[in-house]
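What follows is a set of notes on a single structure, which appears directly below.
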2 protein chains.
Amino acid sequence: MNAMTAARTPRPASAPRPGLRERKKLKTRLAIREATYRLIREQGYDATTVEQIAEAAEVSPSTVFRYFTTKEDIVLTDEFDPVLERELRQRPADEPIVESLRRVLRHAVAFGFADEPEEAILRTRLMIEVPAVRSRMLESMSVTGGILCRVIAERTGKDPGDLEVRTFAMGLIGALTETTAYWAEHGHKEDLAELVDRTLTVLTTGFSGASGPGSMPS
Amino acid sequence: MNAMTAARTPRPASAPRPGLRERKKLKTRLAIREATYRLIREQGYDATTVEQIAEAAEVSPSTVFRYFTTKEDIVLTDEFDPVLERELRQRPADEPIVESLRRVLRHAVAFGFADEPEEAILRTRLMIEVPAVRSRMLESMSVTGGILCRVIAERTGKDPGDLEVRTFAMGLIGALTETTAYWAEHGHKEDLAELVDRTLTVLTTGFSGASGPGSMPS
DNA sequence: CCTCTTTTGAGAGCTACTCTCATTTCATGA
DNA sequence: TCATGAAATGAGAGTAGCTCTCAAAAGAGG
């Protein structure tokens, strides 16, 4: 899931030794992101201009846009999707997809949150406070949705382009995003992993009956 | 649903006679929108500047932004949400929400599509082609989601802020949005109402088993 | 050490969007 | 019908995100 957890860049297992060039690029990327986080924390999102970010990171504004296509991307960009896909594929093929998601997300949440709790919190806060960030983040969801489609299709033998597969996947993503929003709106106090659990339960068991006649009298 | 169908402005039943001022405002609004649609059809979304739109609609650029807060809004803005809410409330209180949605949406789709098929098609096309439009449209979904929450909460006696209610609603919205995207990506050839039907069926019956073990062997 | 390639910085330029203020246009009551 | 108040408009300046180009700087490789 994109902005749900962390924005770390998982080191690929095969690191044949990055040259000086690559190392510098990574450092610049980190510098920009850290400067951004700091400035936003100090003065808010809108008040922070790309020019300020560039200055704080000691690069030119051009360079900032070379590394991140939009300002929102500086906050949101993560490389979590491939991780999600890989981990989902590692689950047994006969496990229901919702169950796989439950496991994978629980693990991801625990991991990402333990690593950089402050950034995860800032990110989700911006996601509900700053329209531009929210938009961008919703956008990235459709990418994640596409991945889900592929995994689902693989397990069921269906086509990833099937209406049923696609709506199923986006339904999941939509619900999980809302879970993150809920978490953020409640001050990040509750346990995100547990919230995700409850959401997935609703999706599997309560979806059809959640508002049926007399299913929940007051 | 927001950009799913039409962007008409439903005349409120109680129209005690709009003054000249109101009528003019409505005319300008329409002029801006029509000019926008025409220009976009002719030269594409990005190539069309607000200045051009203003000139074509014979107003000043300031006025354009007075009527629509963003350029994307000119294409997307509709007043469909209140209609959706009203119609949903008119359904019997003991009807499952998914069933109510099925009815209401089928009606809305037929209605809106018969009225302005070209605009509906252009809108959904832009929604998958232009990132900015897609973003804005995803954004408006959360508003629609809020409405759904209220209706669901009313029927079940739950709190509209409940995690379960919210994720359920956003799951629905996410799936339905994907349905629209599917429709647009396939050249608007299939019957949207039927696609919506299939989606809702997936959500109620197939959601839990859609990818369960052996639920669909190739 | 020299050359080739990649990365960077500087700067001009476009456009969406905001804000202010003077002017025009409509509504209302005398 | 006209005067007064309120609302809508236009003009214009300004901000900032984002793009593009081109020349200078910095790593990589022989």
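Protein chains get the first letters and strands the later ones, always in sequence-line order, with residue 1 at the start of each.
Nearest heavy atom pair, residue B:I32 against residue B:V64, reads CD1-CA, 4.0 Å. B:Q52 approaches B:A47 most closely through the heavy-atom pair OE1-O, 3.3 Å. A:L88 and A:S100 get closest at one heavy-atom pair: CD2-CB, 3.9 Å. Closest approach of B:I128 and B:R134 over heavy atoms only: O-NH1, 3.1 Å.
Under 4.0 angstrom from either OP1 or OP2 of D:dA8 there lies at least one side-chain N or O belonging to B:K25. Listed pair B:Y67 / D:dA8 fails the phosphate criterion, with no side-chain N or O lying under 4.0 Å from OP1 or OP2.
Between the CZ atom of A:R23 and the C1' atom of D:dA28 there is a distance of 13 Å, given to the nearest Å. The nearest whole Å value for the distance from the CD atom in B:E22 to the C1' atom in D:dA7 is 10 Å. The distance from atom CG of B:L26 to atom C1' of D:dA8 is 15 Å, rounded to the nearest whole Å. Per the geometry, NZ belonging to B:K27 stands 15 Å off C1' belonging to D:dT9, to the nearest Å. We find that CG of A:D73 is positioned 11 Å from P of D:dT19, with the value rounded to whole Å. Following rounding to the nearest Å, A:I74 (CD1) and D:dG17 (C1') show an atom-to-atom distance of 11 Å.
If you check residues 43-64 of chain B against DNA chain D, the residues with a heavy atom closer than 4.0 Å are B:V59, B:S60, B:S62, B:T63, listed by number.
Counted by atom type alone, B:T177 and B:T180 present zero donor-acceptor pairs between their side chains at under 3.5 Å. In summary, the side chains of A:S135 and B:E139 do present a donor paired with an acceptor at a separation below 3.5 Å, with no hydrogens or angles considered.
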Salt bridge (Lys or Arg N to Asp or Glu O under 4.0 Å) between A:E119 and A:R123, intermediate numbers included:
CA-CA 6 Å; A:E119 293 201 359; A:R123 203 174 303 120; 3.7 Å; yes
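Across the interface with DNA chain C, nearest-nucleotide mapping of B:K71 and B:R66 shows B:K71 to be the residue nearer the 5′ end.
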Between protein and nucleic acid, restricted to nucleotides 2-5 of chain C and to nitrogen or oxygen atoms under 3.5 Å apart, what atom pairs and distances do you find?
| residue | atom | partner | partner atom | Å |
| --- | --- | --- | --- | --- |
| C:dT5 | O2 | A:R21 | NH2 | 3.3 |

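B:F68 comes within contact range of no nucleotide atom at all, as no heavy-atom separation falls under 4.0 Å.
Taking every side-chain heavy atom of B:F65 into account, C:dC17 is the closest of C:dC17, D:dC18, D:dA26.
At most 12 non-hydrogen atoms from other residues, nucleotides or ligands lie less than 6.0 angstrom from CD of A:E55.
Under a 4.0 Å N-O distance rule, the pair B:E34/B:R38 does not qualify as a salt bridge.
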